[in-house]
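To start, the structure itself, in structure tokens.
Order of the sequence lines fixes the chain letters, A, B, ..., with proteins taken first and strands second; residue numbering starts at 1 for each chain.
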Protein chains: 2
Amino acid sequence: MQNEPVTTLFQQEELNTKERILDAAIDLISRKGFDAMSIREIAREVGIRESSIYNHFKSKDEILDTIIDYFIMELSRSDLGEMPMDALLAQYGPEGFMNMGGRAYLESINRPRVIKIWRIISIEIYRNDKVRKFFKTTMVETPVKVWEQTFRRMMDLGYIVECDTRVLAQEFFYYLVYLLFDYFVISFNDTTYCTFTEKMSDDMSGHIKFIFDKISVKKVQ
Amino acid sequence: MQNEPVTTLFQQEELNTKERILDAAIDLISRKGFDAMSIREIAREVGIRESSIYNHFKSKDEILDTIIDYFIMELSRSDLGEMPMDALLAQYGPEGFMNMGGRAYLESINRPRVIKIWRIISIEIYRNDKVRKFFKTTMVETPVKVWEQTFRRMMDLGYIVECDTRVLAQEFFYYLVYLLFDYFVISFNDTTYCTFTEKMSDDMSGHIKFIFDKISVKKVQ
DNA sequence: GTCTATAAGTGGATAGAC
DNA sequence: GTCTATCCACTTATAGAC
């Protein structure tokens, strides 16, 4: 099992013990939760003794911290950041822009190297305050603010009707957070990872159509 | 702490040991999660020895099962069930009806005897399959179906414009599930229990206004 | 129904040989 | 860096006195 030619999670060039420990930990925690997983299980999976793990990590907690730090770093790396909003709006229109934003959101989750960590985040969010704050700030509050500005711009450019941009941003984005919650918790089972994109993609399309149909400027004319 | 004149959770008439065990367990699990809580802690809180607990419950798991069963029973008891929909619609109008439904939803959560168990449900949903299935079916799928029928009826009676009632029900209700998730997980902290109604009530009002503004029949005439 | 005592196991973590 | 050996705190759970 540990002999398969896998691209390692943390460094491409070498499949060293530290990385194999992290891979095993990610798999175990994503399936059982951090509390229920033990150092012994990791050691068994990797094929070394428990004590050897302490050559790579000071404590059990440090393993989880490393995973979470990696995840946070990996996610902030894919930050859409400075998109040429006006140009994209002119090219694809407001609905197309929303679809692109939603699609980018889905794709940032559905990456093989981090999808198991998403499950870990969903599990540990209630217990680990660093996870909770990261999620609250980076995965909810910041995107809502960004979408609020985006809708404000759309409004200024006459693409959408006048309305409360804050409420609009929440209506748009909270649904996406719900989809995440549904996927990784409510409807989660072991085969979930396969059927990711299709269902969420459909739900999101219906959602965007619903929202856009409401704010579209064509409707009132 | 265990001497306060508290109304017990499971039977009003007597404050016996079994109920005190359940009270302590609910408090501990809601703060730490089931895995991290131990029988010893319950015993310490109640003021008895660990072994005595096994006179009331066969195992640690049975304590959680009892709490969850109580919760499920308590919630199905408050099922709105057969409401005289047409009469209420005529009296309060579609927006008033939605507000009543949303308000009833909030109030069913914000009851002192079950609010800590809501936190337990939020924590254990990833680990306990009974909890997960209950939530998925009773707290998401069934309400969405009920609201779908409700919107269908509103449409037939000419209160709202023609649209996809399934999408509409999801747009309306998923937001409420998100509010739950936000309250009990994302934004949760120890003082959370106090500020429950106001924030969620505001968010819900904005949400209902947004949805209703879209589907209101007045707009297109 | 509660107690003492204890079983029987698991957990994280360390010391020191190699 | 990995191994053997071990520590010890803590866990759920049971047996049997009172």
Touch class at under 4.0 angstrom, heavy-atom based, for A/Ser51 against every strand present: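 Contact class for A/Ser51: base.
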Sugar-phosphate only, base, or nothing, as touched by B/Ser52 at under 4.0 Å among non-hydrogen atoms: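 Since a base atom lies under 4.0 Å of B/Ser52, the category is base.
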Candidate nucleotides D/dT12, C/dC3, D/dC3, ranked by approach to the side chain of B/Arg49 - the nearest: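 So the nucleotide nearest the side chain must be C/dC3.
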From D/dA13, C/dC3, C/dA13, nucleotide with atom closest to B/Ser59 side chain: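 Selected nucleotide: D/dA13.
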For [X] and [N], give me the distance from atom [atom1] to atom [atom2], rounded to whole Å.
X: B/Lys60; N: C/dT10; atom1: NZ; atom2: C1'; answer: 13 Å
X: A/Asp61; N: C/dA13; atom1: CG; atom2: P; answer: 7 Å
X: A/Lys58; N: D/dG1; atom1: NZ; atom2: C1'; answer: 18 Å
X: A/Met37; N: C/dG11; atom1: CE; atom2: C1'; answer: 11 Å
X: B/Ile39; N: C/dA8; atom1: CD1; atom2: P; answer: 20 Å
X: A/Tyr54; N: C/dA15; atom1: OH; atom2: P; answer: 13 Å
X: A/Glu50; N: D/dA5; atom1: CD; atom2: P; answer: 13 Å
X: B/Asp35; N: C/dG11; atom1: CG; atom2: C1'; answer: 13 Å

Atom CZ of B/Arg49: over 12 foreign heavy atoms under 6.0 Å: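 Open: at most 12 neighbouring heavy atoms sit under 6.0 Å from CZ of B/Arg49.
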Test applied, side chain to side chain contact (heavy atoms under 4.5 Å, CB included); reference residue, B/Leu168; option that passes from B/Phe151, B/Phe173, B/Trp147: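 That would be B/Phe151; it is the only one of B/Phe151, B/Phe173, B/Trp147 passing the side chain to side chain contact (heavy atoms under 4.5 Å, CB included) with B/Leu168.
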Single hit among B/Thr17, B/Asn16, B/Leu22 for side chain to side chain contact (heavy atoms under 4.5 Å, CB included) with B/Arg20: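 So the option named by the test is B/Thr17.
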Side chains of A/Ile123 and A/Phe184 in contact at under 4.5 Å (non-hydrogen atoms):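 No, every pair of side-chain atoms sits at 4.5 Å or beyond.
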Phosphate contact (C/dG12 OP1 or OP2) by A/Arg40 side-chain N/O below 4.0 Å: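 So the side chain of A/Arg40 is outside the cut-off, no N or O lying under 4.0 Å from OP1 or OP2 of C/dG12.
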